[in-house]
Amino acid sequence: MNKIDLSPENAECWLSEKFVPAAMVQNCLDSLVAEVSWKQDEIFMFGRWVKIPRLQNFMADPGISYTYSRLKMEADAWHPAVFRIKELIEQYTGQHFNAALLNLYRDGNDSMGWHQYNEPELGPDPIVASISLGAERRFLLRHKKLKDNLKEIHLTSGSLLWMGSGVQQSWEHSLPKTKRCKSARINITFRQILSEDHSS
Ligand SMILES: O=C(O)CCC(=O)C(=O)O
């Protein structure tokens, strides 16, 4: 496990390459590409509705929904491969997750703009476990006030990026486009959605 230095804050962030057992990675990728109901949703940004530059799906325990950029997502049931990875992360970290947002980047033209996890249903200090399957992509973290403070992480297939306590408060992140990448990557971000009153 490699600690990622997010000073000046003492934000907890680390990367574990080869977290998903090699024997599982290709099977997971193939079955998720084929079996998940991927959608190119629209979100509200800069005063208008725009199509996201990637495909996505939301999975969670029954009854949980998730809203970001005015898009309300109802949960699909857990895909068995996603549920298995969730169990592996929970065993390794002791942290429980009840939801996951899945992103399918079809190639290097698909991307994710700068943002942080600040939806009220994630609570004041969200902990997010982010799994990568497939093509390697560059992931950037940028300090919200010290904009020159930039970290670049190469997310390899099977890796787990842990964005723990303190990360979302001071840092935002993005996954830029790249001409070099011609194949697909799936990202799964496991999250804990709090109950309706956002206090438990
Ligand atoms: O694809 C990634 O690694 C980033 C995903 C992400 O930032 C998100 O789901 O909000």
Side-chain angles (χ1 to χ4, degrees), residues 2 4 6 11 13-17 19-20 25 28-29 32-33 36 38-45 50-60 64-73 75-76 79 82 85-86 89 97-123 125-144 150-164 167-178 180-181 183-193:
N2 291 330
I4 294 155
L6 293 187
C13 189
W14 49 262
L15 178 69
S16 174
E17 293 196 340
F19 178 83
V20 180
V25 169
C28 282
L29 182 66
L32 294 178
V33 168
V36 169
W38 297 105
K39 288 192 217 89
Q40 187 173 17
D41 287 314
E42 292 195 346
I43 57 174
F44 197 76
M45 276 178 74
V50 287
K51 273 194 186 337
I52 55 169
R54 61 192 174 275
L55 307 182
Q56 68 180 9
N57 179 273
F58 178 63
M59 291 176 195
I64 291 180
S65 65
Y66 183 57
T67 303
Y68 81 96
S69 301
R70 296 200 199 168
L71 169 69
K72 181 166 184 187
M73 305 180 82
D76 278 1
H79 184 287
V82 177
I85 294 174
K86 177 172 113 69
I89 298 171
F97 298 100
N98 61 7
L101 185 69
L102 285 80
N103 296 298
L104 171 57
Y105 303 89
R106 294 157 288 187
D107 58 29
N109 277 319
D110 280 353
S111 62
M112 174 89 71
W114 287 108
H115 68 289
Q116 68 209 279
Y117 302 116
N118 57 3
E119 293 74 28
E121 58 265 52
L122 295 177
D125 188 17
I127 290 175
V128 174
S130 174
I131 290 285
S132 295
L133 302 168
E136 180 176 327
R137 293 287 296 260
R138 265 172 80 229
F139 179 87
L140 303 177
L141 279 156
R142 174 172 80 177
H143 195 279
K144 283 199 268 178
L150 196 73
K151 302 280 168 188
E152 175 176 315
I153 303 168
H154 291 262
L155 295 178
T156 51
S157 189
S159 65
L160 164 62
L161 176 68
W162 183 259
M163 288 185 268
V167 176
Q168 305 308 319
Q169 287 154 355
S170 308
W171 295 77
E172 50 192 358
H173 58 273
S174 70
L175 193 100
K177 287 184 190 225
T178 166
R180 258 176 275 148
C181 176
S183 56
R185 165 177 181 264
I186 286 180
N187 161 255
I188 312 170
T189 53
F190 293 93
R191 305 145 190 239
Q192 179 70 11
I193 309 259

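Not measured: the values here are computed from a predicted model. Both ligands and their constituent atoms are indexed starting at 1 by order of listing.
Using cut-offs of 30° and 60° for the angle between ring planes, the Phe97 and Phe190 rings count as tilted.
Under the side chain to side chain contact (heavy atoms under 4.5 Å, CB included) rule, Asp110 has a single partner from Gln40, Arg54, Arg185, which is Arg54. Exactly one residue among Arg142, Lys151, Lys144 makes a salt bridge (charged side-chain N to carboxylate O under 4.0 Å, His left out) with Glu172. That residue is Arg142.
Each of the atoms 6 (C), 7 (O), 8 (C), 9 (O), 10 (O) of ligand 1 lies under 4.0 Å from some heavy atom of Tyr117. Close approach of ligand 1 to Arg191 (heavy-atom distance below 4.0 Å) involves ligand atoms 8 (C), 9 (O), 10 (O). Taking every non-hydrogen atom of Asn103 and a distance limit under 4.0 Å, the qualifying atoms of ligand 1 come out as 5 (C), 8 (C), 9 (O). For ligand 1 and Thr189, the ligand atoms under 4.0 Å from any heavy atom of the residue are 9 (O). The distance from ligand 1 to the heavy atoms of Phe139 drops below 4.0 Å at these ligand atoms: 3 (O), 4 (C). Interface atoms of ligand 1 facing Tyr105, defined by a heavy-atom separation under 4.0 Å, are 1 (O), 2 (C), 4 (C), 5 (C).
A heavy-atom separation below 4.0 Å is not found between Tyr68 and ligand 1. The shortest separation from a heavy atom of Arg137 to ligand 1 is not under 4.0 Å, leaving the residue out of contact. Every heavy atom of Gln116 sits 4.0 Å or more from the atoms of ligand 1. In this structure, His115 has a heavy atom closer than 4.0 Å to ligand 1.
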### Task
Mind running side-chain contact (heavy atoms from CB on, under 4.5 Å) on Leu15 and Leu155 for me, showing each step along the way?
CA-CA 9 Å; Leu15 178 69; Leu155 295 178; 3.8 Å; yes
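With no hydrogens or angles considered, no side-chain donor-acceptor pair links Glu121 and Tyr66 at under 3.5 Å.
Looking at atom 3 (O) of ligand 1, its nearest protein heavy atom turns out to be Arg185 NH2, 2.8 Å. Asn187 OD1, 3.2 Å is the protein heavy atom nearest to atom 5 (C) of ligand 1.
If you take NZ on Lys86 and CD1 on Ile131, they are separated by 13.0 Å, rounding to the nearest 0.5 Å.
In this structure, the side chains of Arg138 and Pro176 come closer than 4.5 Å at one or more pairs of heavy atoms. Within the 4.5 Å cutoff, no side-chain heavy atoms of Gln192 are placed close to those of Ile127.
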